[in-house]
Structures are given as structure tokens and as C-alpha cells.
Amino acid sequence: MNKNSYFSIAAAVACLLACLAIVAMGAGKALAFQAPEGSDQVEETKVLDVDCFGTEKYMAVDPDFKADNNTLRIYAREPGMDLKTQCAEKAGKLLYTVEKEDPSYFSGILGDVVFVDYGCCPDPRGLAVVDLARKAELLDAGYMSEAEGYFRITDSNKLLYMAYIDEPETNPGCKDAAVWEQQGFSVLYQQPRALNLTSGEITDKGPITCTMGQ
């Protein structure tokens with residue numbers, strides 16, 4: 001067996017272990033709750049392995065896998081009820097549900113705008129952004145959740161994130177692509193973008209680049 005074969009086997013095993021670890025932590029949940037930098041502080045609690053997050057106005061309830069449920073639910077906060085009790089009773093008016101093909105998880109909030117991470121494996125994952133006041137989805141796209149320096153709110157009320165580019169219209173070039181593929185990894189393309197949280201307008205903030213994927 002040549003050196004490249006050993007690299008390919010090691011990479012495949014590493015990828016499998018990473019996916020199994022994520023599944024064990026919640027059927028595909030991101031490795032840790034990660035809200036955009038600059039978003040609102042939230043209260044967190046857990047009832048029977050279901051995570052709940054609260055602000056003064058809203059309660060977000062992550063999927064309940066014991067009920068075979070991939071859906072994130074957003075409720076209005078029940079006056080006079082603490083978060084743990086409301087979470088246990090699923091009390092309050094149901095305002096919005098986010099249901100994708102893969103499990104959807106609360107990933108932060110800014111005022112009335114909620115950020116939702118969804119997926120079953122490491123990057124690329126899915127990112128949905130919902131304006132609860134208007135009940136409108138501002139964004140539903142692939143993104144690179146582990147890109148350093150991104151997933152943050154700017155001073156101009158925009159979400160800066162690293163978008164996943166499935167099929168670039170032009171090949172941006174990737175000098176390490178052959179090496180990564182020989183080692184059993186994939187080549188992913190990404191581009192920094194900004195989402196205006198008021199208008200929903202999306203703007204490119206840099207060139208398309210490549211990165212190694214599992």
C-alpha cells in the first residue's frame with residue numbers, strides 16, 4: 001500500500017469519527033451553541049435533553065429527538081413564567097417553526113431576528129435567518145460555521161458570514177486541491193457575504209476561496 005493510500009484511509013476514518021461524534025451530540029447538532037458575535041444575550045435551560053433559549057419576548061425550543069422531531073419552535077414568552085417551566089410545559093403562543101430536511105437549531109437572536117443552524121454533519125451547514133416580527137425568512141443558504149472571524153453582527157446591522165459556494169461560476173483556482181483529494185478530503189468553496197437584517201439584501205464582501213472539507 002502506497003503513502004497516498006494510507007493518507008486516504010486516515011482521512012476517511014477521521015471524517016467518520018467526526019460525523020459520529022456530532023451525531024452522538026444531538027443527531028447532527030453543531031459541536032457547540034454559537035451565536036453571532038454582537039447578538040443578544042439569551043437565557044439557556046434544558047428539560048429532558050431538549051435545549052431551550054429565552055429572551056424577554058421569545059422562547060426557542062430545539063428539536064426533541066425522542067419524539068423524532070427535527071423542528072425548531074419559537075414561542076412567545078409567557079408572562080410570569082420562568083424559562084425552565086415554560087420549556088417543560090411548551091407553554092405560550094407558538095409563533096414560528098423552522099423545519100428543514102435536517103435538524104434545525106437555535107443559533108442566536110438579535111431583537112426580532114433569529115439565527116438558525118441546520119445540518120447533519122460538519123461544514124458546510126445550513127443557515128436560516130428569520131424576522132419573527134414579519135414572519136419572513138431573510139436567508140436560507142449553506143455556510144461555513146467554523147470560518148474564523150465570521151458569523152458576527154456589524155455596526156450597520158448586517159450579519160457577516162462565510163457562504164458556502166456549491167458551484168462557482170468561474171474556477172477561483174486552488175493550489176492545494178490535488179493534495180487534499182489525494183489524502184481523501186474534499187475541496188470546498190466559500191465567499192464572505194453580508195446580510196442586511198433590515199432589507200434582506202445580500203452583498204459579497206470578498207473573493208471566492210477554497211478550503212479543505214471532510
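The first residue of the sequence shown is numbered 1, and numbering continues consecutively from there. Just so it is clear, the values below take in all heavy atoms, side chains as well, and ignore hydrogens, waters and symmetry mates.
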With sequence neighbours excluded, residues passing side chain to side chain donor-acceptor pair (under 3.5 Å) with [X]:
X: T154; answer: S156
X: E137; answer: K100
X: T198; answer: N157
X: D166; answer: Y164

Side chain to side chain contact (heavy atoms under 4.5 Å, CB included) with [X]: which residues, sequence neighbours excluded?
X: M81; answer: E78, T85, Q86, E89, A91
X: A133; answer: D112, D131
X: A147; answer: M144, Y150, M162
X: K93; answer: A76, L95

Can you tell me which residue pairs pass the disulfide (SG to SG under 2.5 Å) test with a partner in [range], sequence neighbours excluded?
range: residues 184-214; result: C174-C210
range: residues 124-173; result: none
range: residues 49-98; result: C52-C87

Where [X] and [Y] come nearest, the two heavy atoms and their spacing:
X: G92; Y: Y75; value: O-CD2, 3.5 Å
X: P192; Y: P207; value: CD-O, 3.6 Å
X: A141; Y: L139; value: CB-CD1, 3.9 Å
X: G108; Y: A35; value: CA-CB, 3.8 Å
X: S39; Y: I153; value: N-CG1, 4.1 Å
X: L195; Y: G200; value: CD1-O, 3.5 Å

List the steps, then state whether side chain to side chain contact (heavy atoms under 4.5 Å, CB included) holds for K158 with L197. CA-CA 5 Å; K158 294 179 181 179; L197 298 178; 5.8 Å; no
Among N70, D102, D140, which residue satisfies the side-chain hydrogen bond (donor to acceptor under 3.5 Å, both in side chains) criterion with Y118? D140
Go through the steps to decide whether L127 and Y161 satisfy the test side chain to side chain contact (heavy atoms under 4.5 Å, CB included), and finish with yes or no. CA-CA 10 Å; L127 175 63; Y161 67 102; 4.2 Å; yes
Verify, without hydrogens or angle tests, whether [X] (side chain) and [Y] (backbone) share a donor-acceptor contact under 3.5 angstrom.
X: E181; Y: S186; result: no
X: S107; Y: Q34; result: yes
X: D62; Y: F106; result: yes
X: K84; Y: T45; result: no
X: R152; Y: G149; result: yes

How far apart are the C-alpha atoms of R77 and L83, what are their side-chain angles, what is the distance that settles it, and do they pass the side chain to side chain contact (heavy atoms under 4.5 Å, CB included) test? CA-CA 8 Å; R77 285 304 302 270; L83 180 63; 3.9 Å; yes
With rounding to the nearest 0.5 angstrom, report the [atom1] to [atom2] distance, [X] to [Y].
X: T209; Y: Q191; atom1: OG1; atom2: CD; result: 8.5 Å
X: D123; Y: M212; atom1: CG; atom2: CE; result: 12.0 Å
X: Y105; Y: F53; atom1: OH; atom2: CZ; result: 11.0 Å

Taking [Y] as the starting point, is it possible to reach [X] by hopping between hydrophobic residues whose side chains are less than 4.5 Å apart?
X: I74; Y: V42; result: yes
X: V50; Y: F65; result: no
X: I109; Y: Y96; result: yes
X: V187; Y: I208; result: yes
X: Y58; Y: V114; result: yes

Quick one: salt bridge (charged side-chain N to carboxylate O under 4.0 Å, His left out) pairs with a partner in residues 195-207, sequence neighbours left out? R193-D204
T97 vs L72, side chain to side chain contact (heavy atoms under 4.5 Å, CB included): CA-CA, chis, key distance, verdict: CA-CA 6 Å; T97 60; L72 172 72; over 6 Å; no
Considering only heavy atoms from C-beta outward, does the side chain of [X] approach that of [Y] to under 4.5 Å?
X: F115; Y: V113; answer: yes
X: V61; Y: K90; answer: yes
X: F151; Y: S145; answer: no

